[in-house]
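Note on naming: letters A, B, ... go to the chains in the order of the sequence lines (proteins, then strands), and numbering restarts at 1 for each one.
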Number of protein chains: 2
Amino acid sequence: MPRFKLVVEYDGGPYAGWQRQANGPSVQGSLEEAVFRFVGERATVFGAGRTDAGVHATGQVAHLDLERDWRTDTVRDAINAHLREEPIAVLSATRVADDFDARFSAKRRHYVYRIIDRRAPAALFRERVWWVSRPLDADLMDAAAKRLVGTHDFSTFRAANCQAKNPVRTLDRLDVRRAVDGGVEILASARSFLHSQIRSFAGSLKLVGEKRWTADELEAALAARDRVACGPVAPPGGLYFVGVDYETAEGDGAARSLLPTHSFTSLAASSERRN
Amino acid sequence: MPRFKLVVEYDGGPYAGWQRQANGPSVQGSLEEAVFRFVGERATVFGAGRTDAGVHATGQVAHLDLERDWRTDTVRDAINAHLREEPIAVLSATRVADDFDARFSAKRRHYVYRIIDRRAPAALFRERVWWVSRPLDADLMDAAAKRLVGTHDFSTFRAANCQAKNPVRTLDRLDVRRAVDGGVEILASARSFLHSQIRSFAGSLKLVGEKRWTADELEAALAARDRVACGPVAPPGGLYFVGVDYETAEGDGAARSLLPTHSFTSLAASSERRN
(Lines give C-alpha, C1' and ligand atoms only; values in the text may rest on other atoms or scores of the structure.)
Protein backbone atom coordinates (compact mmCIF):
# COMPACT_ATOMS: atom_id res chain seq x y z
CA MET A 1 0.00 0.00 0.00
CA PRO A 2 1.20 3.57 -0.75
CA ARG A 3 2.82 5.22 2.28
CA PHE A 4 2.45 8.92 3.02
CA LYS A 5 4.42 11.20 5.29
CA LEU A 6 2.54 14.03 7.00
CA VAL A 7 3.94 17.12 8.70
CA VAL A 8 1.38 18.20 11.29
CA GLU A 9 0.80 21.35 13.33
CA TYR A 10 -1.49 21.32 16.35
CA ASP A 11 -2.53 23.11 19.50
CA GLY A 12 -2.09 20.49 22.19
CA GLY A 13 -4.41 22.26 24.62
CA PRO A 14 -7.65 20.41 23.87
CA TYR A 15 -6.02 16.98 23.68
CA ALA A 16 -4.96 14.30 26.14
CA GLY A 17 -1.83 14.04 24.01
CA TRP A 18 -0.76 12.69 20.65
CA GLN A 19 -1.55 9.05 21.38
CA ARG A 20 -5.01 7.59 20.83
CA GLN A 21 -6.58 6.60 24.14
CA ALA A 22 -9.86 5.80 25.83
CA ASN A 23 -9.91 8.82 28.14
CA GLY A 24 -10.25 11.97 26.14
CA PRO A 25 -9.52 13.20 22.63
CA SER A 26 -6.10 12.68 21.05
CA VAL A 27 -4.37 14.20 18.05
CA GLN A 28 -3.74 10.76 16.59
CA GLY A 29 -7.39 9.80 17.08
CA SER A 30 -8.64 12.98 15.41
CA LEU A 31 -6.30 12.46 12.46
CA GLU A 32 -7.36 8.82 12.06
CA GLU A 33 -11.02 9.82 12.20
CA ALA A 34 -10.41 12.45 9.50
CA VAL A 35 -8.62 9.85 7.37
CA PHE A 36 -11.60 7.51 7.80
CA ARG A 37 -14.02 10.21 6.70
CA PHE A 38 -11.76 10.83 3.70
CA VAL A 39 -11.12 7.30 2.41
CA GLY A 40 -13.32 5.09 4.58
CA GLU A 41 -10.24 3.22 5.77
CA ARG A 42 -9.30 2.59 9.39
CA ALA A 43 -5.65 3.53 8.90
CA THR A 44 -3.24 3.96 11.80
CA VAL A 45 -1.38 7.28 11.83
CA PHE A 46 2.06 6.65 13.33
CA GLY A 47 3.70 9.71 14.87
CA ALA A 48 7.40 10.48 15.33
CA GLY A 49 6.79 11.64 18.90
CA ARG A 50 4.07 10.96 21.44
CA THR A 51 3.60 14.45 22.81
CA ASP A 52 1.94 14.82 26.23
CA ALA A 53 -1.37 16.54 26.95
CA GLY A 54 -1.07 20.26 26.29
CA VAL A 55 2.16 20.00 24.31
CA HIS A 56 2.03 21.68 20.90
CA ALA A 57 3.54 20.80 17.55
CA THR A 58 4.57 22.87 14.56
CA GLY A 59 6.42 20.00 12.91
CA GLN A 60 5.16 16.64 14.19
CA VAL A 61 5.78 14.00 11.55
CA ALA A 62 3.59 10.97 10.95
CA HIS A 63 3.12 8.24 8.36
CA LEU A 64 0.16 6.20 7.22
CA ASP A 65 -0.65 3.70 4.50
CA LEU A 66 -3.64 4.11 2.19
CA GLU A 67 -5.21 1.73 -0.32
CA ARG A 68 -4.84 4.16 -3.22
CA ASP A 69 -1.93 6.22 -4.47
CA TRP A 70 -3.65 9.56 -3.89
CA ARG A 71 -2.20 12.84 -5.05
CA THR A 72 -0.33 14.22 -2.04
CA ASP A 73 -2.16 17.57 -2.23
CA THR A 74 -5.43 15.67 -2.09
CA VAL A 75 -4.32 13.77 1.03
CA ARG A 76 -3.32 17.03 2.76
CA ASP A 77 -6.41 18.98 1.77
CA ALA A 78 -8.94 16.20 2.37
CA ILE A 79 -7.64 15.41 5.86
CA ASN A 80 -7.66 19.11 6.71
CA ALA A 81 -11.20 19.45 5.39
CA HIS A 82 -12.38 16.60 7.62
CA LEU A 83 -10.58 17.97 10.68
CA ARG A 84 -13.07 20.82 10.40
CA GLU A 85 -12.92 22.95 13.56
CA GLU A 86 -10.14 21.05 15.31
CA PRO A 87 -6.85 22.90 15.93
CA ILE A 88 -4.89 20.37 13.87
CA ALA A 89 -3.55 21.01 10.38
CA VAL A 90 -1.63 18.82 7.95
CA LEU A 91 1.03 21.20 6.58
CA SER A 92 2.26 18.79 3.94
CA ALA A 93 1.79 15.27 2.68
CA THR A 94 4.51 13.51 0.72
CA ARG A 95 4.77 10.06 -0.84
CA VAL A 96 7.52 8.05 0.86
CA ALA A 97 9.10 4.61 0.51
CA ASP A 98 7.47 1.67 2.28
CA ASP A 99 10.41 1.45 4.68
CA PHE A 100 9.97 5.03 5.89
CA ASP A 101 8.79 4.99 9.49
CA ALA A 102 8.00 8.37 11.10
CA ARG A 103 9.12 7.07 14.48
CA PHE A 104 11.88 4.56 13.82
CA SER A 105 13.50 6.27 10.81
CA ALA A 106 13.93 9.51 12.79
CA LYS A 107 17.57 10.62 13.03
CA ARG A 108 16.92 13.61 15.23
CA ARG A 109 13.99 15.29 16.94
CA HIS A 110 13.78 19.02 17.60
CA TYR A 111 11.82 20.74 20.35
CA VAL A 112 11.52 24.35 21.47
CA TYR A 113 10.45 25.31 24.99
CA ARG A 114 9.17 28.88 25.33
CA ILE A 115 9.25 31.05 28.43
CA ILE A 116 8.04 34.59 28.92
CA ASP A 117 9.80 36.16 31.88
CA ARG A 118 8.01 39.35 32.78
CA ARG A 119 6.08 40.69 35.71
CA ALA A 120 2.71 40.60 33.93
CA PRO A 121 1.09 37.24 33.16
CA ALA A 122 0.82 36.08 29.55
CA ALA A 123 -2.58 37.16 28.26
CA LEU A 124 -2.43 36.67 24.50
CA PHE A 125 -0.31 33.52 24.65
CA ARG A 126 -1.59 31.73 27.73
CA GLU A 127 -1.23 27.94 27.42
CA ARG A 128 1.36 28.56 24.68
CA VAL A 129 4.25 29.76 26.82
CA TRP A 130 5.45 29.30 30.39
CA TRP A 131 5.01 32.54 32.32
CA VAL A 132 7.83 33.15 34.83
CA SER A 133 7.36 36.37 36.80
CA ARG A 134 11.06 36.89 37.55
CA PRO A 135 13.63 37.91 34.94
CA LEU A 136 15.83 35.06 33.76
CA ASP A 137 19.50 35.22 32.83
CA ALA A 138 19.46 33.42 29.47
CA ASP A 139 23.26 33.45 29.20
CA LEU A 140 23.66 31.64 32.52
CA MET A 141 20.99 29.15 31.42
CA ASP A 142 22.75 28.56 28.10
CA ALA A 143 26.14 28.02 29.74
CA ALA A 144 24.65 25.58 32.27
CA ALA A 145 22.70 23.77 29.55
CA LYS A 146 25.98 22.80 27.90
CA ARG A 147 26.74 20.58 30.92
CA LEU A 148 23.84 18.35 29.84
CA VAL A 149 24.86 17.95 26.19
CA GLY A 150 26.32 14.57 25.23
CA THR A 151 25.63 10.99 26.24
CA HIS A 152 24.40 10.63 29.83
CA ASP A 153 22.13 8.66 32.10
CA PHE A 154 19.25 11.15 32.29
CA SER A 155 17.33 9.41 35.09
CA THR A 156 17.15 12.75 36.93
CA PHE A 157 15.32 14.36 34.03
CA ARG A 158 12.66 11.81 33.16
CA ALA A 159 9.12 11.32 34.41
CA ALA A 160 8.50 8.72 37.11
CA ASN A 161 6.23 6.89 34.66
CA CYS A 162 8.78 6.94 31.83
CA GLN A 163 8.66 3.52 30.22
CA ALA A 164 12.04 3.57 28.50
CA LYS A 165 14.18 0.64 29.65
CA ASN A 166 17.39 2.59 29.17
CA PRO A 167 17.75 6.09 30.74
CA VAL A 168 20.85 6.83 28.65
CA ARG A 169 20.35 9.29 25.82
CA THR A 170 22.60 11.41 23.62
CA LEU A 171 21.62 15.08 23.74
CA ASP A 172 22.94 16.76 20.58
CA ARG A 173 21.89 20.29 21.38
CA LEU A 174 20.55 22.29 24.31
CA ASP A 175 20.68 26.01 23.59
CA VAL A 176 19.03 28.78 25.56
CA ARG A 177 18.69 32.21 24.00
CA ARG A 178 16.93 35.51 24.44
CA ALA A 179 14.50 35.83 21.54
CA VAL A 180 14.15 39.08 19.62
CA ASP A 181 10.71 39.60 21.12
CA GLY A 182 12.09 39.45 24.64
CA GLY A 183 11.18 35.90 25.62
CA VAL A 184 13.50 33.00 26.38
CA GLU A 185 13.58 29.90 24.23
CA ILE A 186 15.23 26.57 24.88
CA LEU A 187 16.17 24.56 21.78
CA ALA A 188 16.67 20.84 22.30
CA SER A 189 17.75 18.25 19.73
CA ALA A 190 18.40 14.53 20.09
CA ARG A 191 17.67 11.27 18.31
CA SER A 192 15.18 10.52 21.06
CA PHE A 193 14.10 11.89 24.43
CA LEU A 194 12.87 10.35 27.65
CA HIS A 195 9.35 11.10 28.91
CA SER A 196 9.15 14.73 30.16
CA GLN A 197 12.91 15.14 29.57
CA ILE A 198 12.70 18.61 27.99
CA ARG A 199 10.13 19.90 30.50
CA SER A 200 12.44 18.60 33.23
CA PHE A 201 15.37 20.44 31.63
CA ALA A 202 13.26 23.62 31.37
CA GLY A 203 12.20 23.46 35.01
CA SER A 204 15.79 23.03 36.21
CA LEU A 205 17.23 25.62 33.78
CA LYS A 206 14.68 28.13 35.08
CA LEU A 207 16.29 27.74 38.53
CA VAL A 208 19.64 28.53 36.92
CA GLY A 209 18.16 31.56 35.17
CA GLU A 210 16.83 32.79 38.51
CA LYS A 211 20.32 32.24 39.99
CA ARG A 212 18.90 29.74 42.47
CA TRP A 213 21.01 26.98 40.92
CA THR A 214 24.57 27.21 39.61
CA ALA A 215 25.75 25.31 36.54
CA ASP A 216 27.60 23.03 38.96
CA GLU A 217 24.37 22.31 40.82
CA LEU A 218 22.67 21.45 37.53
CA GLU A 219 25.52 19.10 36.67
CA ALA A 220 25.30 17.57 40.14
CA ALA A 221 21.58 16.97 39.58
CA LEU A 222 22.44 15.10 36.38
CA ALA A 223 25.13 13.09 38.18
CA ALA A 224 22.64 12.14 40.91
CA ARG A 225 20.73 10.05 38.34
CA ASP A 226 17.75 10.42 40.65
CA ARG A 227 14.35 11.93 39.85
CA VAL A 228 14.25 13.74 43.20
CA ALA A 229 17.27 15.83 42.17
CA CYS A 230 15.27 17.40 39.33
CA GLY A 231 13.82 20.90 39.56
CA PRO A 232 10.03 21.35 39.27
CA VAL A 233 8.92 20.11 35.84
CA ALA A 234 7.86 22.95 33.52
CA PRO A 235 4.23 23.04 32.29
CA PRO A 236 3.33 21.44 28.93
CA GLY A 237 1.97 24.59 27.25
CA GLY A 238 5.45 26.01 26.63
CA LEU A 239 6.68 22.97 24.71
CA TYR A 240 6.61 22.71 20.91
CA PHE A 241 7.62 19.69 18.84
CA VAL A 242 9.08 21.60 15.89
CA GLY A 243 10.63 19.05 13.60
CA VAL A 244 12.25 15.73 12.81
CA ASP A 245 15.27 14.91 10.68
CA TYR A 246 15.36 11.84 8.46
CA GLU A 247 17.88 10.41 6.03
CA THR A 248 15.46 11.47 3.34
CA ALA A 249 15.38 15.10 2.23
CA GLU A 250 11.83 15.88 3.34
CA GLY A 251 12.87 15.97 6.96
CA ASP A 252 15.66 18.46 6.62
CA GLY A 253 13.35 21.44 6.41
CA ALA A 254 12.32 20.80 9.98
CA ALA A 255 15.89 21.17 11.19
CA ARG A 256 16.27 24.47 9.35
CA SER A 257 12.97 25.60 10.80
CA LEU A 258 14.65 26.03 14.17
CA LEU A 259 16.46 29.08 12.89
CA PRO A 260 13.77 31.74 12.58
CA THR A 261 12.75 33.22 15.92
CA HIS A 262 9.27 32.07 16.81
CA SER A 263 7.93 35.09 18.67
CA PHE A 264 5.30 34.66 21.33
CA THR A 265 5.53 37.64 23.65
CA SER A 266 3.66 40.84 22.98
CA LEU A 267 5.14 43.71 21.04
CA ALA A 268 4.22 45.95 23.94
CA ALA A 269 5.98 43.63 26.37
CA SER A 270 9.23 43.93 24.49
CA SER A 271 8.91 47.70 24.36
CA GLU A 272 8.03 47.77 28.05
CA ARG A 273 11.18 45.84 28.77
CA ARG A 274 13.19 48.45 26.92
CA ASN A 275 11.56 51.33 28.76
CA MET B 1 -7.22 62.17 42.29
CA PRO B 2 -4.02 60.46 41.11
CA ARG B 3 -4.21 59.36 37.46
CA PHE B 4 -2.60 56.18 36.19
CA LYS B 5 -1.75 55.08 32.68
CA LEU B 6 -2.01 51.37 31.90
CA VAL B 7 -0.57 49.44 28.96
CA VAL B 8 -2.78 46.40 28.45
CA GLU B 9 -2.44 43.14 26.53
CA TYR B 10 -5.47 40.96 25.83
CA ASP B 11 -6.88 38.16 23.76
CA GLY B 12 -10.01 39.68 22.23
CA GLY B 13 -11.57 36.30 21.52
CA PRO B 14 -13.74 35.91 24.63
CA TYR B 15 -14.93 39.53 24.64
CA ALA B 16 -17.65 41.51 22.90
CA GLY B 17 -14.98 44.18 22.48
CA TRP B 18 -13.13 46.73 24.58
CA GLN B 19 -16.16 48.78 25.54
CA ARG B 20 -18.34 47.91 28.54
CA GLN B 21 -21.78 46.81 27.45
CA ALA B 22 -24.90 44.99 28.54
CA ASN B 23 -24.58 42.09 26.11
CA GLY B 24 -21.54 40.04 26.91
CA PRO B 25 -18.20 40.50 28.65
CA SER B 26 -15.88 43.37 27.71
CA VAL B 27 -12.22 44.08 28.35
CA GLN B 28 -13.08 47.43 29.92
CA GLY B 29 -15.69 45.82 32.16
CA SER B 30 -13.26 43.11 33.31
CA LEU B 31 -10.58 45.71 34.08
CA GLU B 32 -13.03 47.89 36.00
CA GLU B 33 -14.22 44.88 38.00
CA ALA B 34 -10.60 44.00 38.84
CA VAL B 35 -9.98 47.60 39.91
CA PHE B 36 -13.06 47.43 42.14
CA ARG B 37 -11.84 44.21 43.77
CA PHE B 38 -8.48 45.92 44.30
CA VAL B 39 -9.50 49.30 45.75
CA GLY B 40 -13.28 49.05 46.22
CA GLU B 41 -13.74 52.01 43.87
CA ARG B 42 -16.01 52.09 40.82
CA ALA B 43 -13.41 53.73 38.61
CA THR B 44 -13.90 54.09 34.86
CA VAL B 45 -11.03 52.73 32.76
CA PHE B 46 -10.78 54.91 29.63
CA GLY B 47 -9.15 53.21 26.66
CA ALA B 48 -7.24 54.74 23.74
CA GLY B 49 -9.09 52.55 21.25
CA ARG B 50 -12.43 50.75 21.36
CA THR B 51 -11.42 47.48 19.76
CA ASP B 52 -14.17 45.28 18.27
CA ALA B 53 -15.14 41.81 19.41
CA GLY B 54 -12.30 39.37 18.71
CA VAL B 55 -9.67 42.06 18.12
CA HIS B 56 -6.52 41.63 20.20
CA ALA B 57 -4.21 44.10 21.87
CA THR B 58 -0.55 43.97 22.80
CA GLY B 59 -0.37 47.68 23.57
CA GLN B 60 -3.82 49.07 24.35
CA VAL B 61 -3.43 52.14 26.56
CA ALA B 62 -5.92 53.23 29.20
CA HIS B 63 -6.12 55.68 32.09
CA LEU B 64 -8.01 55.71 35.36
CA ASP B 65 -8.16 57.82 38.51
CA LEU B 66 -7.83 56.29 41.97
CA GLU B 67 -8.37 57.77 45.41
CA ARG B 68 -4.89 56.97 46.62
CA ASP B 69 -1.47 57.54 45.10
CA TRP B 70 -0.60 53.84 44.91
CA ARG B 71 2.82 52.58 43.93
CA THR B 72 2.58 51.88 40.20
CA ASP B 73 3.89 48.32 40.60
CA THR B 74 1.11 47.70 43.11
CA VAL B 75 -1.53 48.96 40.67
CA ARG B 76 -0.20 46.70 37.91
CA ASP B 77 0.19 43.61 40.08
CA ALA B 78 -3.07 43.99 42.02
CA ILE B 79 -5.19 44.44 38.88
CA ASN B 80 -3.48 41.44 37.29
CA ALA B 81 -4.10 39.39 40.44
CA HIS B 82 -7.80 40.20 40.34
CA LEU B 83 -8.09 39.45 36.63
CA ARG B 84 -7.36 35.88 37.66
CA GLU B 85 -7.99 33.55 34.73
CA GLU B 86 -8.98 36.20 32.20
CA PRO B 87 -6.73 36.64 29.14
CA ILE B 88 -6.04 40.27 30.04
CA ALA B 89 -2.78 41.54 31.51
CA VAL B 90 -1.65 44.98 32.62
CA LEU B 91 1.91 45.20 31.26
CA SER B 92 2.71 48.44 33.01
CA ALA B 93 1.16 51.13 35.16
CA THR B 94 2.64 54.62 35.30
CA ARG B 95 1.65 57.78 37.16
CA VAL B 96 0.62 60.49 34.72
CA ALA B 97 -0.50 64.12 34.87
CA ASP B 98 -4.19 64.87 35.42
CA ASP B 99 -4.50 66.17 31.86
CA PHE B 100 -3.29 62.91 30.32
CA ASP B 101 -6.18 61.25 28.49
CA ALA B 102 -5.53 57.82 26.96
CA ARG B 103 -7.97 58.58 24.15
CA PHE B 104 -7.77 62.31 23.53
CA SER B 105 -4.06 62.81 24.19
CA ALA B 106 -3.15 60.13 21.63
CA LYS B 107 -0.95 61.45 18.83
CA ARG B 108 -0.84 58.23 16.87
CA ARG B 109 -2.28 54.73 17.08
CA HIS B 110 -0.53 51.64 15.73
CA TYR B 111 -2.18 48.43 14.57
CA VAL B 112 -0.86 45.26 12.99
CA TYR B 113 -3.02 42.95 10.89
CA ARG B 114 -1.67 39.42 10.51
CA ILE B 115 -2.33 37.01 7.66
CA ILE B 116 -1.06 33.49 7.13
CA ASP B 117 -1.20 32.59 3.46
CA ARG B 118 -0.66 28.88 3.13
CA ARG B 119 -2.62 25.92 1.89
CA ALA B 120 -3.10 24.43 5.36
CA PRO B 121 -5.42 26.15 7.85
CA ALA B 122 -3.91 27.81 10.92
CA ALA B 123 -4.04 25.29 13.75
CA LEU B 124 -1.84 26.73 16.49
CA PHE B 125 -2.84 30.34 15.85
CA ARG B 126 -6.51 30.09 14.95
CA GLU B 127 -8.43 33.24 15.93
CA ARG B 128 -5.09 35.07 16.07
CA VAL B 129 -4.40 35.36 12.37
CA TRP B 130 -6.41 35.46 9.15
CA TRP B 131 -5.89 32.28 7.19
CA VAL B 132 -5.84 32.85 3.41
CA SER B 133 -5.37 29.63 1.43
CA ARG B 134 -3.82 31.30 -1.62
CA PRO B 135 -0.31 32.79 -1.67
CA LEU B 136 -0.27 36.59 -1.48
CA ASP B 137 2.15 38.95 -3.21
CA ALA B 138 3.19 41.16 -0.30
CA ASP B 139 5.15 43.53 -2.55
CA LEU B 140 2.09 44.23 -4.71
CA MET B 141 0.05 44.77 -1.54
CA ASP B 142 2.64 47.17 -0.14
CA ALA B 143 2.84 49.19 -3.35
CA ALA B 144 -0.95 49.44 -3.55
CA ALA B 145 -1.22 50.34 0.15
CA LYS B 146 0.80 53.49 -0.53
CA ARG B 147 -2.16 54.81 -2.58
CA LEU B 148 -4.16 55.00 0.66
CA VAL B 149 -1.57 56.89 2.73
CA GLY B 150 -2.34 60.55 3.38
CA THR B 151 -5.49 62.53 4.07
CA HIS B 152 -8.57 61.10 2.39
CA ASP B 153 -12.29 60.59 2.72
CA PHE B 154 -12.23 56.92 3.78
CA SER B 155 -15.99 56.31 3.47
CA THR B 156 -15.24 53.21 1.38
CA PHE B 157 -13.25 51.68 4.20
CA ARG B 158 -15.47 52.21 7.21
CA ALA B 159 -18.24 50.09 8.72
CA ALA B 160 -21.83 50.95 7.90
CA ASN B 161 -22.40 51.57 11.61
CA CYS B 162 -19.37 53.84 11.98
CA GLN B 163 -20.47 56.77 14.12
CA ALA B 164 -17.75 59.26 13.17
CA LYS B 165 -19.28 62.43 11.73
CA ASN B 166 -16.30 63.05 9.49
CA PRO B 167 -15.03 60.23 7.20
CA VAL B 168 -11.79 62.11 6.52
CA ARG B 169 -8.71 60.74 8.22
CA THR B 170 -4.95 61.09 7.79
CA LEU B 171 -3.27 57.72 7.34
CA ASP B 172 0.41 58.11 8.30
CA ARG B 173 1.56 54.62 7.48
CA LEU B 174 0.27 51.52 5.70
CA ASP B 175 3.05 49.02 5.13
CA VAL B 176 2.69 45.42 4.03
CA ARG B 177 5.61 43.07 4.44
CA ARG B 178 6.52 39.41 4.39
CA ALA B 179 7.46 38.46 7.95
CA VAL B 180 10.51 36.30 8.68
CA ASP B 181 8.23 33.46 9.71
CA GLY B 182 6.53 33.45 6.33
CA GLY B 183 3.32 35.30 7.13
CA VAL B 184 2.16 38.68 5.86
CA GLU B 185 1.70 41.62 8.20
CA ILE B 186 0.03 44.94 7.56
CA LEU B 187 1.24 47.85 9.70
CA ALA B 188 -1.12 50.79 10.00
CA SER B 189 -0.54 54.06 11.85
CA ALA B 190 -2.73 57.15 12.18
CA ARG B 191 -3.89 59.60 14.79
CA SER B 192 -7.29 57.92 14.61
CA PHE B 193 -9.11 55.34 12.52
CA LEU B 194 -12.70 54.89 11.42
CA HIS B 195 -14.71 51.86 12.57
CA SER B 196 -13.39 48.69 10.83
CA GLN B 197 -11.01 50.82 8.73
CA ILE B 198 -7.99 48.52 9.08
CA ARG B 199 -10.01 45.33 8.59
CA SER B 200 -11.48 46.98 5.49
CA PHE B 201 -7.97 47.80 4.27
CA ALA B 202 -6.86 44.22 4.95
CA GLY B 203 -9.80 42.72 3.06
CA SER B 204 -9.16 44.90 0.01
CA LEU B 205 -5.37 44.49 0.12
CA LYS B 206 -5.86 40.71 0.16
CA LEU B 207 -7.57 41.06 -3.25
CA VAL B 208 -4.49 42.94 -4.45
CA GLY B 209 -2.21 40.24 -3.06
CA GLU B 210 -4.23 37.63 -4.93
CA LYS B 211 -3.90 39.77 -8.09
CA ARG B 212 -7.68 40.11 -8.28
CA TRP B 213 -7.36 43.88 -7.78
CA THR B 214 -4.72 46.22 -9.18
CA ALA B 215 -3.35 49.18 -7.24
CA ASP B 216 -5.45 51.36 -9.56
CA GLU B 217 -8.58 49.45 -8.62
CA LEU B 218 -7.76 49.93 -4.93
CA GLU B 219 -7.32 53.65 -5.54
CA ALA B 220 -10.61 53.72 -7.47
CA ALA B 221 -12.33 52.07 -4.50
CA LEU B 222 -10.99 54.84 -2.27
CA ALA B 223 -12.14 57.49 -4.74
CA ALA B 224 -15.63 55.97 -4.86
CA ARG B 225 -16.12 57.04 -1.22
CA ASP B 226 -18.76 54.33 -1.07
CA ARG B 227 -18.91 51.34 1.28
CA VAL B 228 -20.03 49.04 -1.54
CA ALA B 229 -16.69 49.60 -3.30
CA CYS B 230 -14.83 47.96 -0.39
CA GLY B 231 -13.53 44.40 -0.54
CA PRO B 232 -14.83 41.83 1.98
CA VAL B 233 -13.88 43.01 5.48
CA ALA B 234 -11.16 40.87 7.06
CA PRO B 235 -12.00 38.92 10.25
CA PRO B 236 -11.23 40.47 13.67
CA GLY B 237 -8.88 37.73 14.91
CA GLY B 238 -6.00 38.95 12.73
CA LEU B 239 -6.04 42.48 14.14
CA TYR B 240 -3.77 43.64 16.98
CA PHE B 241 -3.79 47.06 18.62
CA VAL B 242 -0.06 47.31 19.29
CA GLY B 243 0.57 50.77 20.62
CA VAL B 244 -0.18 54.45 21.03
CA ASP B 245 2.11 57.48 20.83
CA TYR B 246 1.70 60.42 23.21
CA GLU B 247 3.59 63.63 23.72
CA THR B 248 4.82 62.09 26.94
CA ALA B 249 7.69 59.64 26.87
CA GLU B 250 5.80 56.57 28.16
CA GLY B 251 4.01 56.16 24.87
CA ASP B 252 7.06 56.05 22.67
CA GLY B 253 7.89 52.47 23.51
CA ALA B 254 4.73 51.39 21.79
CA ALA B 255 5.84 53.00 18.54
CA ARG B 256 9.22 51.26 18.72
CA SER B 257 7.44 48.03 19.43
CA LEU B 258 6.35 47.84 15.81
CA LEU B 259 9.89 47.01 14.79
CA PRO B 260 10.43 43.44 15.98
CA THR B 261 8.71 40.85 13.83
CA HIS B 262 5.83 39.32 15.72
CA SER B 263 5.84 35.75 14.50
CA PHE B 264 2.63 33.78 14.37
CA THR B 265 3.06 31.06 11.77
CA SER B 266 4.58 27.74 12.63
CA LEU B 267 8.26 27.00 12.30
CA ALA B 268 7.32 23.98 10.23
CA ALA B 269 5.15 26.13 7.98
CA SER B 270 8.09 28.35 7.18
CA SER B 271 10.27 25.36 6.42
CA GLU B 272 7.53 23.83 4.31
CA ARG B 273 7.41 27.03 2.33
CA ARG B 274 11.12 26.78 1.66
CA ASN B 275 10.98 23.15 0.60
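- Contacts of A:Asp77 with chain B are made by side-chain atoms alone, with heavy-atom separations under 4.5 Å and no backbone atom involved.
- Checked for salt-bridge contact, A:Arg191 and A:Asp172 miss the test: no charged N lies under 4.0 Å from a carboxylate O.
- A centroid separation of less than 6.0 Å is found between the aromatic rings of B:Phe38 and B:Trp70.
- Residue A:Glu85 touches chain B through both its backbone and its side chain, counting heavy-atom pairs closer than 4.5 Å.
- Shown here are the ring-ring contact (aromatic ring centres under 6.0 Å, His included) partners of A:His82, two or more places apart in sequence or in another chain: there are none.
- Shown here are the ring-ring contact (aromatic ring centres under 6.0 Å, His included) partners of B:Trp131, two or more places apart in sequence or in another chain: there are none.
- Of the listed residues (A:Glu86, A:Arg119, A:Arg76), the one with the most heavy-atom contacts under 4.5 Å to chain B is A:Arg119.
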